[in-house]
Protein chains: 2
Amino acid sequence: MAISLTSMTIAAVGDRPRLQSIRRTAAQARILAAALELFAQHGVSGTSLQMIADEIGVTKAAVYHQYRTKDEIVLAVAESEFVALEAALEAAEAEKSREQARKLLLKQVISTAVERRPWVRSLQNDPVMIRLLAGHEPLTDIMARIYGLLLDDTGPQANVRIAIMGATIGATVVHPLVADLDNQTLERELLRVAKRVFDISL
Amino acid sequence: MAISLTSMTIAAVGDRPRLQSIRRTAAQARILAAALELFAQHGVSGTSLQMIADEIGVTKAAVYHQYRTKDEIVLAVAESEFVALEAALEAAEAEKSREQARKLLLKQVISTAVERRPWVRSLQNDPVMIRLLAGHEPLTDIMARIYGLLLDDTGPQANVRIAIMGATIGATVVHPLVADLDNQTLERELLRVAKRVFDISL
DNA sequence: GTCTATATAACGATAGAC
DNA sequence: GTCTATCGTTATATAGAC
């Protein structure tokens with residue numbers, strides 16, 4: 001990792017378990033795909049295991065054979081969605097300069113959010129999801145590294161600016177007014193705003 | 001109403017029922033206050049009538065005496081929160097110029113969101129809330145009037161800019177990184193962003 | 001890997017007494 | 001306006017057969 005994060009304490013890098021290395025059976029993948037879709041539609045609390053089982057045409061017991069609790073399914077869904085963010089983060093951390101790393105990361109976060117926008121709302125805003133993510137280190141670790149990289153310590157308002165940018169990305173892609181917009185245009189507009197509002201040349 | 005909205009068809013203004021005129025008993029107000037808080041914490045689906053009843057120290061049956069269904073409670077909560085938006089909208093519509101109206105509305109929407117930020121997430125992102133709001137005309141009417149006023153048809157990207165601004169406001173105020181920030185500072189920063197997104201002086 | 005069957009608890013909602 | 005009591009349904013979760 002080429003970037004040193006003097007302002008934050010980050011866990012040792014060497015033997016970090018990677019989300020990308022998690023292997024799943026076909027049955028598990030079917031469950032997670034159905035759950036992701038249903039969580040987006042009805043929220044986590046509004047999605048029962050029966051609904052997930054019905055969606056893939058099996059019984060509840062078959063689902064419980066793969067995951068012991070509903071919480072485990074929620075976390076597995078989150079992990080599978082965080083893979084793209086982890087990849088973006090690792091690519092950014094490999095950049096030579098911190099400036100380059102920040103630019104690349106912001107770009108990738110935007111394109112990831114745009115591409116996966118049908119599921120961004122539940123991942124970012126569902127109260128059950130938020131609570132589970134907060135207690136799951138592999139995911140909080142990724143978020144901490146992303147913010148640690150994006151934050152510059154140039155001013156007391158830096159936190160607010162990054163918060164606003166991150167929030168803007170996540171919330172814009174789920175906004176009803178842009179639902180009909182193609183990914184490319186949406187991505188371009190978000191980059192333009194990032195540039196203008198946050199003085200980052202991308 | 002001093003503003004003519006040539007680009008949208010808006011229902012007749014004269015006898016529009018106002019949310020502000022809805023009267024509630026003390027018992028109903030207690031239910032709505034408890035529900036608002038619990039929805040924010042657990043989401044709508046994650047909040048049972050038993051939880052609401054426990055919160056105010058009565059039984060489920062007492063709650064059902066005030067509202068016949070859970071959906072009615074959700075809608076009543078939304079209506080009570082939309083009162084501030086309705087007031088902001090009416091004040092803006094009374095402005096002499098459209099430019100003035102847009103500025104005032106944007107300012108008021110920002111300050112409303114900042115002041116009510118603990119509850120913004122569930123109102124804006126909860127899937128059950130979204131579904132109920134979409135089918136409830138008094139609320140969709142207010143949203144349509146707000147967007148109708150904010151949208152200028154000067155460019156093809158107008159929708160995206162409004163979406164970005166709306167998303168920015170809604171998502172920033174709920175972001176954990178600004179949780180400790182006082183209302184005044186947060187409001188000032190959001191106004192600064194709005195200025196730069198829209199190229200207008202607020 | 002999926003099934004039937006079941007346990008236990010909580011859900012939304014209603015009836016009727018006070 | 002609130003209570004007790006209850007209805008029918010659904011929830012998460014498990015046991016054991018195939």
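These figures come from a predicted structure and were not determined experimentally. Side-chain atoms are counted along with the backbone in the values below, which use heavy atoms only and exclude waters and symmetry mates.
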Test salt bridge (Lys or Arg N to Asp or Glu O under 4.0 Å) applied to Glu187(A) and Arg192(A), step by step: CA-CA 9 Å; Glu187(A) 201 172 323; Arg192(A) 199 180 58 80; over 6 Å; no
Sugar-phosphate or base contact per nucleotide [nucleotides 13-18 of chain C; S, B, -; heavy atom under 4.0 Å]: BBB---
Side chain of Thr25(A) (C-beta onward), nearest among dG1(C), dC11(C), dG1(D):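 That would be dG1(C).
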For [X] and [N], give me the distance from atom [atom1] to atom [atom2], rounded to whole Å.
X: His65(B); N: dG12(C); atom1: NE2; atom2: C1'; value: 18 Å
X: Glu72(B); N: dG12(C); atom1: CD; atom2: P; value: 15 Å
X: Ile73(B); N: dC11(C); atom1: CD1; atom2: C1'; value: 14 Å
X: Gln28(A); N: dT2(C); atom1: CD; atom2: C1'; value: 14 Å
X: Arg30(B); N: dT2(D); atom1: CZ; atom2: C1'; value: 11 Å
X: Arg24(B); N: dG1(D); atom1: CZ; atom2: C1'; value: 18 Å
X: Ile52(A); N: dT10(D); atom1: CD1; atom2: C1'; value: 15 Å
X: Ile56(A); N: dT2(C); atom1: CD1; atom2: P; value: 7 Å

Result of checking Leu38(A), Asp71(A), Val74(A), Val77(A) against Val44(A) for side-chain contact (heavy atoms from CB on, under 4.5 Å): Val74(A)
Residue Lys107(B) excluded, over 12 heavy atoms near NZ under 6.0 Å: no
Crowding at CG, Asp182(A) (>12 non-hydrogen neighbours, <6.0 Å): yes
Sugar-phosphate, base or nothing in reach of Ser48(B), heavy atoms under 4.0 Å: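 Sugar-phosphate contact only.
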Sugar-phosphate only, base, or nothing, as touched by Thr47(B) at under 4.0 Å among non-hydrogen atoms: sugar-phosphate
Pair Thr168(A)-Thr168(B), side-chain hydrogen bond (donor to acceptor under 3.5 Å, both in side chains): steps then yes or no: CA-CA 4 Å; Thr168(A) 299; Thr168(B) 301; 3.0 Å; yes
Short side-chain N/O contact from Thr59(A) to OP1 or OP2 of dT2(C), under 4.0 Å: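 Result: no.
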Below 4.0 Å: OP1/OP2 of dT12(D) and any side-chain N or O of Gln50(A):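 No, outside the criterion.
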Taking every non-hydrogen atom, the tightest pair across Tyr64(A) and Thr69(A):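 Scanning both residues, the minimum pair turns out to be CE2-CA, 4.5 Å.
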His175(B): partners by ring pair (Phe, Tyr, Trp, His ring centres under 6.0 Å), with sequence neighbours left out: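 With sequence neighbours excluded, His175(B) shows a ring pair (Phe, Tyr, Trp, His ring centres under 6.0 Å) to Tyr147(A), given in chain and number order.
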